[in-house]
Structures are given as structure tokens and as C-alpha cells.
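Working notes for the structure below.
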Amino acid sequence: MAKNVVVVGTQWGDEGKGKIVDWLTDHAQGVVRFQGGHNAGHTLVVGDKEYKLNLVPSGIVRDGVACYIGNGVVLDIHHLIAEIKGLEAGGIEVRSRLKVSPGCPIILAYHTALDRAREARKCADTKIGTTGKGIGPTYEDKVARRALRVYDLFYPERFAEKLKENLDYHNFVLTQYLGADPVDYDAVLAQAMADAEFIKPLVTDVSAALYAANKAGQNLLFEGAQGALLDIDHGTYPFVTSSNCVAGQAAAGSGVGPGKLHYVLGITKAYCTRVGGGPFPSELDIETAGTPGHQMSQKGREFGTVTGRKRRCGWFDAAALRRSIQINGVTGLCITKLDVLDGLDELKICTGYRVGDRVLDLLPMGADEVADCQPILETLPGWKETTYGAKTQAALPAAARAYLARIEELCEVPIDIVSTGPERDETILRRHPFA
């Protein structure tokens, strides 16, 4: 019987989902992206090669695995073409295995222009920290029922007509409200039509293809982008991404029924990071040498895959993770980057928050209340031994095992996997999600 597993980030993204998706793909015949866009960045290390993916599902580096981009993804086709060509130049066969939903809304030049002009207009403390890649404006067009979708590319005259109407509207906003330059209609149309010829052979009814794959007994892996605390509904709004990145979106964003999602794996760093703006209760100083935050930043190589920006770092936040577990229905956890904590004298876990005279054991909704949260910290002993590359539970120091046990106790969800390095085999397996 086929089994489907959803992999989601349970913090503010950047938890190391790409490696885990790649590692799990030896039990799957298909990998599905179901939300976000090329603002996602998944880094895979296979032998001496490193692959940085934004749109192509992480399963592409496994021979014979089908990869699907579902309707919930907003698609910059020009970027996708460049990513495909880069993978092919590295010897990976892509086009026969990649299937793109006709329902994907298309990111076009005016979306990027709007994204950047809006962010530039904001004052420093209200900047979202967007990647400026047009993700948000494209989702806005989708909700406003004016988005151009991949299926429109098959009808050039209809596409051109819709594009003109959209550009009349968006250029008015760009020039009259945001004080930016207009986007040229002819240039956008020409680029879209050129890109269309490349992508048309990849377009497939993804919903029907996934149903057929399951009917044939194939396991599927659904790969989320960003993290649950950046979810447009459940995250630290407005400092969030523009899509739903919780596990339930795997159904809506790919066209499978929710009853077909059998296991949810929550990917969680052994500490916390956040890139861009927004509140972060357990945040630490990352600039001062010799501090825990500086070690997390430097040893963890905490720089954004997409933007290159420094990630903010902080202590593990169990109260935030409990919120993610609830909204995702997490079955089991995967802890990543445990080795980054090697050598610290002591560790702290945020177990809850004080907000005035109240004590909260869950991350509240919305940025304003989260900004008022003062972390309640519990101290645990650190360890001097290395955990890097450990492949068994017994190979971990006693204090590291105690740290993981305390996380399980606080979050009431089992840790099924521990990742101890970037390579596929640097993984401790307690329970396999596909078992």
C-alpha cells in the first residue's frame, strides 16, 4: 500500500528540509512541491557536490524519482529554466522527470518590481525582509482572480490580452503610488512567450498524476518550503511569507485529498534561526565572538540560501514548536544541526513566555503579541564531545541525549530522526516515516 509523507519546517524556515527530503527519497517514487516560490532555498550535499535548489523538488538528485511542482507554487518560469539548465550542466537529467501543474500562477516582471518598490518605501522597523522576488504580489493576483497561470501560456492571444489588463493596473500603482518606473508590456510578453516554449512539454495535470501514482502503489514525499511560523495565517503576521506553509497545504497545493497524507515530519533545528524582520523571543547576540549566538551563526553557517543574508540565531523555543506541532499535526520530529551546539558549557530552552502578568506556553498569534513575549528559559548542561557525523543514538554524548529527551518531553512528539551533518549517511534513524 502506498504511503505519503509530508515534510514541513516547524520554525521560521531554513531548518534543513532539503537534506532530509533527499534522504527520505530512497523510499519514495515521487517528490512534490506544494507552495511558495523561488524564495525557498534547499541545499543538498551529495558526495563532493553541493546543489542549491529553489523550485525543483529536492528529489531530483535521485535517479528515477519523479518530481512535481503543484498548483500551490507561484512560478517564475525564467528562473525555473535557469535552474533546470544548471542541474543538467551538472549531469542531472531533469526534463523527463519534472512535471509542472498548469494551475501554477506565473511570476512576471511587474510582480518583482512591485515587491521591491513596496519594500523600499517602508521604514526600517516595518520592513518585512522580503526576498524581492515577486512572491507576495503574485499570490495577491491569485486571490484577486487576475493571475496569469501556466495554462494561459497555451493560448497566446488570451495571455496577451490578460497581460495588458494586468499591466495597466500594476503600472498605475508602480508609477502613481510607489514612484517607481513602469514595466514594459512588450518585453514581458516576449519573455513569457519565449519561456512558454521551454516549459510546455513539462506541463502535466499534477493532481491526476499523483492520484495515478498512489493507485499504482508509489510512495510520495511532499516537500514544504519556508517554515510554519512564517505561514500567512498562523505565523508572526505580518512578518510572514505569502503562502500557507503548514502540512495541510500539501493537499490544496497539489490536488490530493487530505486523507492521502499519512505522516507529517516536522524538521526542527537544535536551536532557532530567523532571517528578515519580525519578533524572535529567544534571539541571541550573533556578533560578539565567544557567545552562544556567535557560535550558532558561524559554526552553523547561518546565511540565507536565497539572499545570503545573516540569519538571526537564538535558543531552542519549545513553546513555538508546540504551536507548530498543533497546526501541522506533526507525527514525528527530525532534529537537525545538533553538532552546532558542540562545545557549549550550557544550553537553554525556551519553555514559555511572560507577557505582562500572564504566562503563555504557546507562541501567540500575530507579531505584536509575540514582540511582547519575554522568554522563560530552562538551563541544561552542554557537552564537549563532538556529535558531528554520528550515525547511532549510542554515539551521542549523554548530555546530548538528555537534551533531545527534554525536547521530546516538552513537545510531546517523538524525535524520529536526528541529522548530524550534511551528508546523507550522517543521520540517526529512530523510526522511519515510510515504515
Nearest-0.5 Å distance that lies between atom CD1 in Ile84 and atom CG in Leu202: 5.5 Å
Any donor-acceptor pair under 3.5 Å linking the side-chain atoms of Asp317 with those of Tyr353? yes
Rounded distance [0.5 Å steps], CG in Leu429 versus CG in Leu24: 9.0 Å
Start with the C-alpha distance between Leu153 and Ile77, add both sets of side-chain angles, then the distance that settles side chain to side chain contact (heavy atoms under 4.5 Å, CB included), and finish with yes or no. CA-CA 11 Å; Leu153 293 170; Ile77 298 173; 3.5 Å; yes
Taking it one step at a time, do Phe222 and Val256 satisfy side chain to side chain contact (heavy atoms under 4.5 Å, CB included)? CA-CA 11 Å; Phe222 292 79; Val256 301; 4.0 Å; yes
Check whether Ser101 reaches the backbone of Gly103 with its side chain - one donor and one acceptor, N or O, closer than 3.5 Å. yes
Close side-chain approach of Tyr237 to Val240, heavy-atom, < 4.5 Å: yes
Do Val418 and Ile415 have side chains that approach each other closer than 4.5 Å (heavy atoms only, starting at C-beta)? yes
For Gly293 and Ile286, the nearest pair of non-hydrogen atoms, with its separation, is O-CG2, 3.6 Å
Whether over 12 other heavy atoms sit under 6.0 Å from Lys260 NZ: no
Would you check if the side chain of Glu93 reaches a backbone N or O of Ser96 as a donor-acceptor pair within less than 3.5 Å? yes
Has Arg323 got a side-chain atom pairing as donor or acceptor with Leu363's backbone, closer than 3.5 angstrom? yes
With a cut-off of 6.0 Å (strictly less than), are more than 12 heavy atoms of other residues, nucleotides or ligands near NE2 of His234? yes
Note, Pro137 side chain near Tyr110 side chain (heavy atom, < 4.5 Å): no
Mark yes or no for whether Lys337, through its side chain, and Gly300, through its backbone, hold a donor-acceptor pair below 3.5 Å. yes
Can you tell me how far the CD1 atom of Ile428 sits from the CD1 atom of Ile335, to the nearest 0.5 Å? 11.5 Å
Which atom pair, heavy atoms only, marks the closest approach of Glu426 to Gly389? CG-CA, 3.9 Å
Before accepting this row, confirm whether a basic side-chain N of the pair Arg95/Glu88 lies closer than 4.0 Å to the acidic partner's carboxylate O. yes
Decide yes or no for Ile81 and Asp195: does some side-chain heavy atom of the first lie under 4.5 Å from some side-chain heavy atom of the second? yes
Over 12 non-hydrogen atoms of neighbours within 6.0 angstrom of CG in Asp26: yes
Please say whether more than 12 non-hydrogen atoms of neighbouring residues, nucleotides or ligands are located less than 6.0 Å from CZ in Phe198. yes
List the steps and the verdict of side chain to side chain donor-acceptor pair (under 3.5 Å) for Asp285 and Thr288. CA-CA 7 Å; Asp285 169 22; Thr288 304; 2.4 Å; yes
Measuring from atom OH of Tyr177 to atom NE2 of His170, what distance do you get when rounded to the nearest 0.5 angstrom? 15.0 Å
Would you kindly say whether His294 and Glu287 are connected by a side-chain donor-acceptor distance under 3.5 Å? no
Can you see which heavy atom on Cys104 is nearest to which on Val100, and at what distance? SG-CG1, 4.3 Å
Using only atom types and a distance under 3.5 Å, with no angle test, would you say the side chain of Glu15 pairs donor to acceptor with the backbone of Gly13? yes
Ala213 backbone acceptor or donor facing Gln29 side chain under 3.5 Å: no
Is it true that Asn4 and Asn219 share a donor-acceptor pair across their side chains at a distance under 3.5 Å? no
With a 4.0 Å cut-off, would you call Arg146 and Glu140 a salt bridge? no
Inspect the surroundings of CG in Asp63 and state if more than 12 heavy atoms from other residues, nucleotides or ligands are less than 6.0 Å away. no
Arg430 with Asp416: basic N within carboxylate O range, under 4.0 Å: no
Between Asp231 and Gln226: side-chain donor-acceptor atoms closer than 3.5 Å: no
Out of Thr331, Ile20, Leu333, Leu221, which residue meets the side-chain contact (heavy atoms from CB on, under 4.5 Å) rule with Leu265? Ile20
Say whether Arg274 and Thr236, considering side chains only, have a donor N or O and an acceptor N or O under 3.5 Å apart. yes
Might you work through the side chain to side chain contact (heavy atoms under 4.5 Å, CB included) test for Asn71 and Val206, ending with a clear yes or no? CA-CA 8 Å; Asn71 57 277; Val206 166; over 6 Å; no
Ile107 side, atom CD1; Thr138 side, atom OG1 - distance, nearest 0.5 Å: 4.5 Å
Between the main-chain N or O of Gly276 and the side-chain N or O of Arg312, is there a donor-acceptor pair closer than 3.5 Å? yes
With a 6.0 Å cut-off (strictly less than), is the heavy-atom count around CZ of Arg301, excluding the residue itself, greater than 12? no
Quick test of your reading of the model: are Lys133 and Asp115 salt-bridged, counting only N-O distances below 4.0 Å? no
Using 4.0 Å as the upper bound for N to carboxylate O, is an ion pair formed by Glu302 and Lys269? yes
Counting distance only, does the side-chain N/O of Asn39 pair as donor-acceptor with the main-chain N or O of Gly37 below 3.5 Å? yes
Can you confirm whether more than 12 heavy atoms, excluding those of Tyr155, are under 6.0 Å from its OH atom? no
Glu119 CD to Leu114 CG distance, which is reported to the nearest 0.5 Å: 13.0 Å
Do Ile69 and Lys99 come within less than 4.5 Å of each other through their side chains, counting heavy atoms only? no
Stepwise, does the side chain to side chain contact (heavy atoms under 4.5 Å, CB included) test hold for Ile60 with Val65? CA-CA 7 Å; Ile60 202 68; Val65 173; over 6 Å; no
Crowding at OH, Tyr211 (>12 non-hydrogen neighbours, <6.0 Å): no
Between Arg322 and Asp361, is the closest basic N to carboxylate O distance under 4.0 Å? no
Salt-bridge criterion met for Arg33 and Glu223 (N-O under 4.0 Å): no
Answer yes if the side chains of Lys19 and Ser419 hold a donor-acceptor pair under 3.5 Å, and no otherwise. yes
Using atom types as modelled and distance alone, determine if a side-chain donor or acceptor of Lys3 lies under 3.5 Å from a backbone N or O of Ala28. no
Salt-bridged, Lys200 to Glu197, with N to O below 4.0 Å? yes
Taking side chain as C-beta onward, heavy atoms only, is Ile232 less than 4.5 Å from Thr241? no
Do the side chains of Lys164 and Phe159 get nearer than 4.5 Å, heavy atoms only? no
For the side-chain contact (heavy atoms from CB on, under 4.5 Å) test, which of Leu341, Asp342, Val340 pairs with Thr387? Asp342
Over 60° means perpendicular and under 30° means parallel, so classify the ring planes of Trp23 and His432, tilted if in between. parallel
Look at the side chain of Asn171 and the backbone N and O of Thr175, then say whether any donor-acceptor pair between them is shorter than 3.5 Å. no
Between Phe172 and Asp168, is any pair of side-chain heavy atoms under 4.5 Å apart? no
